[in-house]
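Data block below; observations after.
Along the sequence shown, the residues carry numbers beginning at 1.
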Amino acid sequence: MQQKGILLESGTNELEIVEFEVANNKFGINVIKVKEIIQPIPVTFIPHAHPHVEGIVQLRGEVLPVVDMLKVLGIPNGAYSAQQKYIVAEFNKQKVVFHVDNVTQIHRISWDKIEKPSDMYQGGSSQVIGVIKQNNSMVLLLDFEKIMVDINPDSGINVESVKKLGKRERSEKKIICAEDSPLLRKLLYDTMHEAGYVNLEFFENGRDAYDYLEGLLNTGKNIEELVQLVITDIEMPQMDGHHLTKKIKTNPDLEKIPVIIFSSLITDDLRHKGVEVGAEEQISKPEIAELILKVDELIL
């Protein structure tokens, strides 16, 4: 199965997920991340690689790492089924292969049908970012960015790149940030503070961020004096970043607030979606220094 294009319109608050299985458990990955699904091919072992990395494969001239999802998910003594597949994915400007038991189907679903995991069972190091209830079963949406940062920390947001921008004056400009990943919220907080932006308000999804902005309109104050910028991820339960941007830009009381989409899904093929909903800028994770410079340009 090779992805030929994204069928969904921009800003509909929907996504398509590829459902796959590992040890009889059902998981999902955003179809936007998936380049193709192939049968397993020979893997070359890499000495002293991370325990979650099986090795490398050569695919159409590219050398790609293969991630063992049994080990990622902590399933002991697991063995892959006869239907095993490789999911070839691309995000955060990197390509990777995920080894899974089987790929079953594609679902089209609204983000507001995806529940945020409870803190009670999520734990501090959970890789689950959403739960989809389907009839008598559940599909867990995995945080593939966290899976890759755990394997290679250098692939994540790097605060050192912000320090290279030099000593900066503290800014009281108010910035709203919508990001569902606790790991990335913390990294974004640290790097924005390092860059001199300390007046930040974080939300776990687009709906909470939009409700907050709507609430500010009821204060009777000029919204442009209360909020100078919105930074949003794309993939978030309840309301995704494209839909959040569209709602801001189609609300005459909010439309002047600049919006930067900061996501692992910013690619040449998908950039048009952010343009269509009116985002001022789109920056791919983990290019945090580029994000800071664009924030400077828009609000200082």
Side-chain angles (χ1 to χ4, degrees), residues 1-4 6 15-107 125-130 139-158 181 183-184 235 263-270 284-287:
M1 185 188 101
Q2 185 156 1
Q3 184 185 326
K4 297 298 183 184
I6 304 304
L15 79 158
E16 288 179 324
I17 65 161
V18 174
E19 180 185 314
F20 63 91
E21 295 178 351
V22 180
N24 297 316
N25 300 293
K26 296 182 178 181
F27 301 97
I29 180 173
N30 194 331
V31 76
I32 289 175
K33 288 186 168 85
V34 179
K35 303 300 288 183
E36 58 183 317
I37 295 165
I38 63 173
Q39 299 294 336
I41 56 178
V43 175
T44 300
F45 170 75
I46 299 292
H48 308 299
H50 189 279
H52 295 170
V53 176
E54 288 183 31
I56 54 176
V57 294
Q58 183 172 307
L59 188 62
R60 298 186 184 84
E62 290 186 279
V63 175
L64 306 178
V66 179
V67 174
D68 185 337
M69 291 302 292
L70 283 169
K71 291 183 179 176
V72 167
L73 298 169
I75 299 171
N77 305 317
Y80 285 104
S81 70
Q83 289 82 33
Q84 60 187 297
K85 298 288 189 295
Y86 282 177
I87 298 176
V88 183
E90 182 176 15
F91 54 92
N92 275 6
K93 295 188 173 180
Q94 60 183 341
K95 280 187 180 178
V96 61
V97 177
F98 295 106
H99 189 178
V100 303
D101 260 329
N102 195 13
V103 174
T104 50
Q105 55 190 314
I106 293 178
H107 302 285
S125 59
S126 173
Q127 291 141 340
V128 178
I129 56 172
V139 177
L140 304 181
L141 271 185
L142 295 178
D143 187 345
F144 286 93
E145 286 83 357
K146 183 180 186 303
I147 289 170
M148 294 311 297
V149 169
D150 288 345
I151 293 172
N152 177 20
D154 290 341
S155 67
I157 291 173
N158 183 359
S181 167
L183 171 71
L184 286 170
E235 293 184 289
S263 167
S264 64
L265 301 181
I266 304 300
T267 64
D268 291 340
D269 291 337
L270 296 170
S284 174
K285 293 175 182 173
E287 304 298 336

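Put simply, the side chain of Asn30 never gets that close to the backbone of Lys33: no donor and acceptor are under 3.5 Å apart.
A distance of 7.5 Å separates CG of Asn25 from CG of Leu140, quoted to the nearest 0.5 Å. Between the CE atom in Met69 and the CD1 atom in Ile29 there is a gap of 8.0 Å [rounded to 0.5 Å]. If you take CD1 on Ile32 and CG on Leu265, they are separated by 5.5 Å, rounding to the nearest 0.5 Å. Atom-to-atom distance recorded for Asn152:CG and Ile147:CD1 is 14.0 Å, nearest 0.5 angstrom.
Identified under the salt bridge (Lys or Arg N to Asp or Glu O under 4.0 Å) test for residues 94-104, with sequence neighbours left out: Glu62-Lys95. Among pairs with a residue in residues 71-90, those fulfilling salt bridge (Lys or Arg N to Asp or Glu O under 4.0 Å) read Lys35-Glu90, at least two apart in sequence or across chains. Residue pairs that meet the ring pair (Phe, Tyr, Trp, His ring centres under 6.0 Å) test with at least one member in residues 23-46, sequence neighbours left out, are Phe20-Phe27.
Every residue meeting the ring pair (Phe, Tyr, Trp, His ring centres under 6.0 Å) condition with His50, not counting sequence neighbours, appears here in chain and number order: His52. The side-chain hydrogen bond (donor to acceptor under 3.5 Å, both in side chains) check on Thr267 picks up nothing, with sequence neighbours excluded. Shown here are the side chain to side chain contact (heavy atoms under 4.5 Å, CB included) partners of Ser284, two or more places apart in sequence or in another chain: Lys93, Ile266. For Gln58, there are no side-chain hydrogen bond (donor to acceptor under 3.5 Å, both in side chains) partners, not counting sequence neighbours. Remark: Glu21 engages no residue in a side-chain hydrogen bond (donor to acceptor under 3.5 Å, both in side chains) (not counting sequence neighbours). In this structure, the side chain to side chain contact (heavy atoms under 4.5 Å, CB included) partners of Leu70, at least two apart in sequence or on a different chain, are Val22, Ala23, Asp68, Ile75, Tyr80. Listed by chain and residue number, Phe98 satisfy the ring pair (Phe, Tyr, Trp, His ring centres under 6.0 Å) test with Phe144 (two or more places apart in sequence, or in another chain). Among residues two or more places apart in sequence or in another chain, the side-chain hydrogen bond (donor to acceptor under 3.5 Å, both in side chains) test is passed with Ser263 by none.
Considering every non-hydrogen atom in both Val139 and Gly28, the closest pair reads CG1-N, 3.7 Å. Shown here for Pro42 and Val57, the closest heavy-atom pair between the two residues is O-CG1, 3.4 Å.
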Go through the steps for Gln84 and Val100 under the test side chain to side chain contact (heavy atoms under 4.5 Å, CB included), then give the verdict.
CA-CA 6 Å; Gln84 60 187 297; Val100 303; over 6 Å; no
When you look at His107 and Glu16, which way does the side-chain hydrogen bond (donor to acceptor under 3.5 Å, both in side chains) test go after all the steps?
CA-CA 5 Å; His107 302 285; Glu16 288 179 324; over 6 Å; no
Is there a side chain to side chain contact (heavy atoms under 4.5 Å, CB included) between Ile37 and Tyr86? Walk through the geometry before answering.
CA-CA 6 Å; Ile37 295 165; Tyr86 282 177; over 6 Å; no
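For the pair Leu64/Val88, a side-chain contact is recorded, criterion being any heavy-atom separation below 4.5 Å from C-beta on. Side-chain atoms of Glu19 and Val103, non-hydrogen and from C-beta on, never get closer than 4.5 Å to each other. The shortest distance between side-chain heavy atoms of Ile41 and Leu59 falls below 4.5 Å. Side-chain contact between Met148 and Val96: present, with at least one pair of heavy atoms (C-beta onward) separated by less than 4.5 Å. Residues Ile87 and Val97 fail the side-chain proximity criterion, which asks for heavy atoms closer than 4.5 Å. Within the 4.5 Å cutoff, side-chain heavy atoms of Ile151 are placed close to those of Val53. Side-chain contact check for Arg60 versus Glu36: some heavy-atom pair is nearer than 4.5 Å. Between Val128 and Leu141 there is no side-chain heavy-atom pair separated by less than 4.5 Å.
Evaluated for a side chain to side chain contact (heavy atoms under 4.5 Å, CB included) with Glu145, the options Ile129, Asp150, Asn92 yield exactly one hit, Asn92.
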